[in-house]
Amino acid sequence: MKSDKVYLLLYGFPSFFFITLFVLTAVIGTVLLSFSKGFENYARLISDPRFTDSLWFTVKFALVSVPFEITLGLILALIVNEKFRYRGLVRGLILIPWAIPAVVSARMWQLVFNYTYGVLNSLSDGLLGVRINWFGEEHTALLALAIADTWRTAPFVALIILAGLQTLPEEVFKQALVDGAGLFKRFFFVTLPLLKPFILIAVLFRGIDALRVFDLVFVLTGGGPGGSTTPLSLYAYKFYLVGDFGYASALSSVLFVLCLFLSFAVGFLLKGSIRG
Amino acid sequence: MKVLLFLVLFTLIFSCKKKEEQLTIAVGGTPEEIRYWSQIIEEFEKKEGIEVKILRQPADTDLRRHGLAVSLSAKEKDPDVFLMDIAWVGFFIKSGWLEKLRDIDSSPFIEKVLFVDKKGEDLYALPLFVDCGLLYYRKDLLEKYNCSVPSTWEQLLECSLKVQRQERKRDPKFYAFVWQGAQYEGLMCVFLEFSTSAGGSLDDLDSAANLKALSFMRDLIRVYAISPPNTYTEMKEEEVRRFFQAGKALFERNWSYAWILHNMENSPVKGKVGIAPLPAFKGGKRASCLGGWHVGISAFSDKKEEALKLLKFLVSYETQKKLALNLGWNPSRRDVYEDKELLKKFPQIKKIKEACEYAIPRPSVSYYIQMSEVIRPYINAVLAGRLNPLEALTKAQRELNLLERTYR
């Protein structure tokens, strides 16, 4: 038992050291910086209507994009878990969107959603004679952002869930077959509950990333129309650039707390699902 | 703690970078502009025997500022020399990012532009080119539909409605008037022009004049529909320029750089374009946003002597003339406007100079960038139909009052 603890310390040390160096210093520094003028920066947060809008948009973006990503990721994982010809190739191919840097994929999606020369608008104009100004309204802009984000990150979700699928005991499925459960029942009553921990992990990773979204929004909407699609990260960034580090840090700290809250919530659910 | 944090962060980030021994200049713009810049820099290298590296920046003004702000707030040695939009010079001076320029005779430069480069008597930058908002129009279409070059916004609207109705029969995607309405600095310029020409100003945002100006801007898109619906989402300088150049518009609000591009060999509107000062509202006075680029030396440069040589070379008579002839950049030196060769090859410069007589600067407060970040989303929200003009201007004014207290 004692040697276990020694190994734990020994193996844990490098990651603990680097996390302290790279993450903790930055986080603590940011929080301290936000309090450099006492509570003034936080008082300003409360009276800043654009902060409230931005916080709300950040949450909305996560709430819209993550379910899309999980659903599509799950479907992809189920497909590539089946045995078929060229499965290895397909498994590799679905990872491509995830390998493309977010800024590059955002530029690509710009060409899809653009009003004048966008692929989507050329299509809808040709077929139905309508053009949609995707970034012209908050809800369509949000949808466009969620679509672009889903395309890029669903493969990542698929990867996590695929790993989960491969650990599932085959006997349970055989038993279910013997019991006469159909495809639909097998999926909802066997596969899905068994996958719950993996889905929760995917939700955690994707949720945190969605809350911190920056590059995609920066390229696609620039925060518009009328500032309605400005996530906290982009809002904070504007203050960093003009040297208002205190306020920018306060905004970043709020984002940090938001992510922390999500981690705890998912952690709690995860604990429950593993015990169960 | 603050110092420690930055020390750790920046040494970590920048220690991976190779040490740069060359003189570096940051320039951005259209591909054509950057291509010509490398030619200019080559001439300097030959003349002075100093090697120069060009740091390429994007065309978007805000992105160029962001790029520079990151290096400068990290006190990076590079870039040594960089171009700045007239709107940021004040902020850069206040941040202590610019090296004071000594032994430079600033008398040949246009006084109206030079004021942003000074803090008291000290000179921190020099104008490289002067720019102002212009109205481009299609000569052939105005003639075909019997319109005159508009001197008021009301005339522009009337003619636009007439021409658009007819031209739509030929091209259903035709829009009479294109301008910069996306949520970025260009929108501030356009708003400043409409506002001033209605008798308003940015100091008193929720005035009746601004209300009139903003309502008119919104109606161009939402009521008269003579400006495309993506005006407030995607229209920046280059999008506007391409739209007009494709022959899909009658009027265009843009800077002087568009002239040469419109008249390039492969341009569908070649030879059909005219330039005029921007119109005013009936009874108001014309206004054109003063723009242009200034050149300065980084306070953190490790090659200040060479940098000064480069700066002097860039603002010299010869270089200014070349930039005017090849890029259509209006000289910032008064003497170049008298150049016979330039006037002969580029007679349009007279018209541009005339339009620039109406130039007005953006507010010269040191926190202008923050001010602009506050106003832009509100103006853009009106164009998007999310807020009504009165609501937007009142809210923006309230926020500006807070801002003034924070940054003054």
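Letters go in sequence order (proteins before strands), and every chain restarts at 1. Keep in mind that this is a model prediction, so the values were computed, not measured.
Within the structure, side chain to side chain donor-acceptor pair (under 3.5 Å) pairs that include any residue of residues 56-71 of chain A comprise A:Lys60-A:Glu138, A:Glu69-A:Thr153, A:Glu69-A:Arg206 (at least two apart or interchain).
Among B:Arg398, B:Glu399, B:Lys395, the single residue meeting the side-chain contact (heavy atoms from CB on, under 4.5 Å) criterion with A:Pro49 is B:Glu399.
With a threshold of 4.5 angstrom between heavy atoms, B:Leu383 does not approach chain A through any atom at all. Heavy-atom distances place no part of B:Tyr367 under 4.5 Å from chain A, backbone and side chain included. Only the side chain of B:Lys173 comes within contact range of chain A, with heavy atoms under 4.5 Å apart. The part of A:Asp125 that comes within reach of chain B is its side chain, from C-beta onward, which places non-hydrogen atoms under 4.5 angstrom from that chain. Using a 4.5 Å cut-off between heavy atoms, A:Tyr235 does not touch chain B at all. Using a 4.5 Å cut-off between heavy atoms, A:Thr116 contacts chain B through both its backbone and its side chain. For A:Phe239, the part sitting under 4.5 Å from any heavy atom of chain B is the side chain, from C-beta outward, and nothing else. For a residue to count as touching a neighbouring chain, one of its non-hydrogen atoms must lie under 4.5 Å from one of that chain's; by this rule B:Val374 touches chain A with backbone and side chain alike.
Taking chain B as the reference chain and counting heavy-atom pairs below 4.5 Å, the highest number among A:Ser249, A:Ser47, A:Ser228, A:Gly223 is found for A:Ser228.
Within a 6.0 Å radius of CZ in B:Phe174, more than 12 heavy atoms belonging to other residues, nucleotides or ligands are found. Remark: B:Arg168 CZ is packed, more than 12 non-hydrogen atoms of other residues, nucleotides or ligands lying under 6.0 Å away. Within 6.0 Å of CZ on A:Phe205 lie no more than 12 heavy atoms contributed by other residues, nucleotides or ligands.
With hydrogens and angles ignored, the 3.5 Å screen pairs no side-chain donor or acceptor of B:Asn230 with any backbone N or O of A:Tyr115.
Between A:Gly222 and B:Gln183, the closest heavy-atom pair is O-NE2, 4.1 Å. Among all heavy-atom pairs drawn from A:Pro225 and B:Ala384, the shortest one is CB-CB, 3.7 Å.
In this structure, B:His66 and A:Phe218 have tilted ring planes: the angle between them lies in the 30° to 60° band.
By the 4.5 Å heavy-atom criterion applied to side chains, B:Pro229 and A:Arg131 are not counted as neighbours.
At a heavy-atom separation below 4.5 angstrom, chain A is approached by B:Tyr232, B:Thr233, B:Glu234 within residues 232-242 of chain B.
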